[in-house]
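Here is the naming used below: chain letters follow the sequence lines, and residue numbers restart at 1 for every chain. Because the structure is predicted, anything quoted here is derived from the model rather than measured. Values reported hereafter were calculated over all heavy atoms of this structure, with side chains retained and with hydrogens, waters and symmetry mates removed.
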Protein chains: 2
Amino acid sequence: MAVDATHPASAGEAAAATPGRVTKRRVRTRAKLLDAAFDVFAAKGFGRVSIEEVCEAAGYSRGAFYSNFATLDELFFALYRQRADVIAEQVAGALALDGPDLDVPAAVDRVTEVLLLDLDWLLVKTDFLVHAARDPEIARTLLEHRSRLRGAIAERLGRAQGHTALPAVFGGADGAAHAVIAAYDGVTTQLLLDKDVERARAWLGQLLTALLTEGARTDTGH
Amino acid sequence: MAVDATHPASAGEAAAATPGRVTKRRVRTRAKLLDAAFDVFAAKGFGRVSIEEVCEAAGYSRGAFYSNFATLDELFFALYRQRADVIAEQVAGALALDGPDLDVPAAVDRVTEVLLLDLDWLLVKTDFLVHAARDPEIARTLLEHRSRLRGAIAERLGRAQGHTALPAVFGGADGAAHAVIAAYDGVTTQLLLDKDVERARAWLGQLLTALLTEGARTDTGH
DNA sequence: CTCGTCGGATACGCGAATGTATCGGATACA
DNA sequence: TGTATCCGATACATTCGCGTATCCGACGAG
């Protein structure tokens, strides 16, 4: 549950004016606040959560919060960055697992395993999407995240083009990567409503193979 | 802009205990409140809107609100039902426009025209999705809506199977309808971030033709 | 061990939003 | 036109959450 955030704050923090010493205690409470915030956000939704609720869940008082963040939005942003980076690494890992050749069905399985694992994360992520949709600054950040991920996928798809020819509808590997992302987002929407992770995985697998292979393959996942 | 809501409240309202006379004035203010709420929700997001803001935008005081709704959630729900029903009708209309045969590309164009028209509606709809994701009762309602829409699409796809064979990956027309919905949801996600409606339409067109036609068609929309 | 600094707790004042109770004008119907 | 009813406005009390200022214990350096 607890994401490892013990490393010093990554560059580009908008927070306090760089205190000379970064105490161990500070890092610990910051991490606890983030973890607690994740649970509370997942349970009630960002819009319905008060600062005090987060603090209570983390076992701190509001003083601790204001010592670490200026506003709930800032915490939310930090939380998203933290978790999203972890996921992105895992996806990159799952994509790199094969040798130079890409076994599409296997890679699809591994990636869906990572992406459709945690319903709570999907909830928080969607909250963040809604948030970003109304704040151009945040939207830019999210778009960059997505673009980086898409780049990794496209690169991987391109490298395997000899083996499994991609459909021509999309202009090359980049278009195909776009399609992969869209399929993932689409499946996510349904998953948020019916909460059936297994079905979502199988369904995403079908969609991806349908999108990524020219001829239809009769490989019903489940 | 103003959705026609002058008809008496549809059956199944959870609101006040059926006043004997439904005054014209009442219906009018209720509709104005709903319209104002739409604008405010779209602009700021459901979670960041107060009852008073809605009333102010509608030109009423809080008394009017409490006379028509018990809570903001109730208004939100009513708003969603109203608009979603309108959209559903429009989609059904766009699907039925051909004769008995379905011209896939044309139908796709018409449907995307309807579905990706109003960014504000997408914002509100996504807010509602997030809302539903945390309330099983509301989730059920939304799932039923989606299921009805999907049924209409599947029925239409099935009726045209002779002309354009569907890929075999999905089990028949129903699976294909699922795919259509997923593609729509996926494109929506990206659209919420980059706000580029035209690109979204073209992109959705590509995705749908890629999904619905067996062989790849070299029809780059833009 | 001691001291200086840091981080979180506590207490306070404030503003915003809520829900209710009551009032006066509008509306429908005879 | 008169009147009973309905609807929305106004006023009020209350609660909730926020941000700040201050204090004390913890931590780290020497």
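The side chain to side chain contact (heavy atoms under 4.5 Å, CB included) search around A/A152 returns none, not counting sequence neighbours. For A/V130, the side chain to side chain contact (heavy atoms under 4.5 Å, CB included) test picks out A/R134, B/T126, B/D127, B/V130, with sequence neighbours left out. Not counting sequence neighbours, the partners of A/E137 by the side chain to side chain contact (heavy atoms under 4.5 Å, CB included) test are A/D135. When the side chain to side chain donor-acceptor pair (under 3.5 Å) test is applied to A/T71, no partner is found at least two apart in sequence or on another chain. Among residues two or more places apart in sequence or in another chain, the ring-ring contact (aromatic ring centres under 6.0 Å, His included) test is passed with A/F76 by A/F41, A/F46, A/F128, A/H131. B/E113 pairs by the side chain to side chain donor-acceptor pair (under 3.5 Å) definition with nothing, not counting sequence neighbours. With sequence neighbours excluded, the residues satisfying side chain to side chain contact (heavy atoms under 4.5 Å, CB included) with B/A58 are B/L33, B/A36, B/Y60.
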**Request:** Carefully, step by step, assess A/V187 and A/T112 under the rule side chain to side chain contact (heavy atoms under 4.5 Å, CB included).
**Result:** CA-CA 11 Å; A/V187 170; A/T112 62; over 6 Å; no

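For the contact set between residues 40-55 of chain B and DNA chain D, defined by any heavy atom under 4.0 Å, there are no members.
The separation between B/Y66 atom OH and D/dA11 atom P is 17 Å, rounded to whole Å. Atoms CD (B/E56) and P (D/dT10) sit 13 Å apart, rounded to a whole Å. Remark: C1' of D/dG17 and CG of A/D73 are 15 Å apart, rounded to the nearest angstrom. D/dG8 atom P lies 11 Å from atom CZ of B/F69, rounded to whole Å.
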**Complete:** 5' to 3', nucleotides 8-15 of chain C under a 4.0 Å protein heavy-atom cut-off (B base, S sugar-phosphate only, - none) gives SBB-----

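Close to D/dC27, at under 4.0 Å from its OP1 or OP2, lies no side-chain N or O of A/T23.
Comparing B/A70 and B/K24 by the nucleotide of DNA chain C whose heavy atom lies nearest to each, the residue mapping closer to the 5' end is B/A70.
Within the model, atoms NE2 of A/H178 and CD of B/Q206 stand 10.0 Å from one another, a figure rounded to the nearest 0.5 Å.
Between the axis at the start and the axis at the end of the helix from C/dC1-D/dG30 to C/dA30-D/dT1 there is an angle of 30°, using five pairs per end and rounding to 10 degrees.
For residues 58-69 of chain B, the pairs satisfying salt bridge (Lys or Arg N to Asp or Glu O under 4.0 Å) are B/E52-B/R62, with sequence neighbours left out. The salt bridge (Lys or Arg N to Asp or Glu O under 4.0 Å) contacts involving residues 173-195 of chain B comprise B/R146-B/D185, where partners must be two or more places apart or lie in separate chains.
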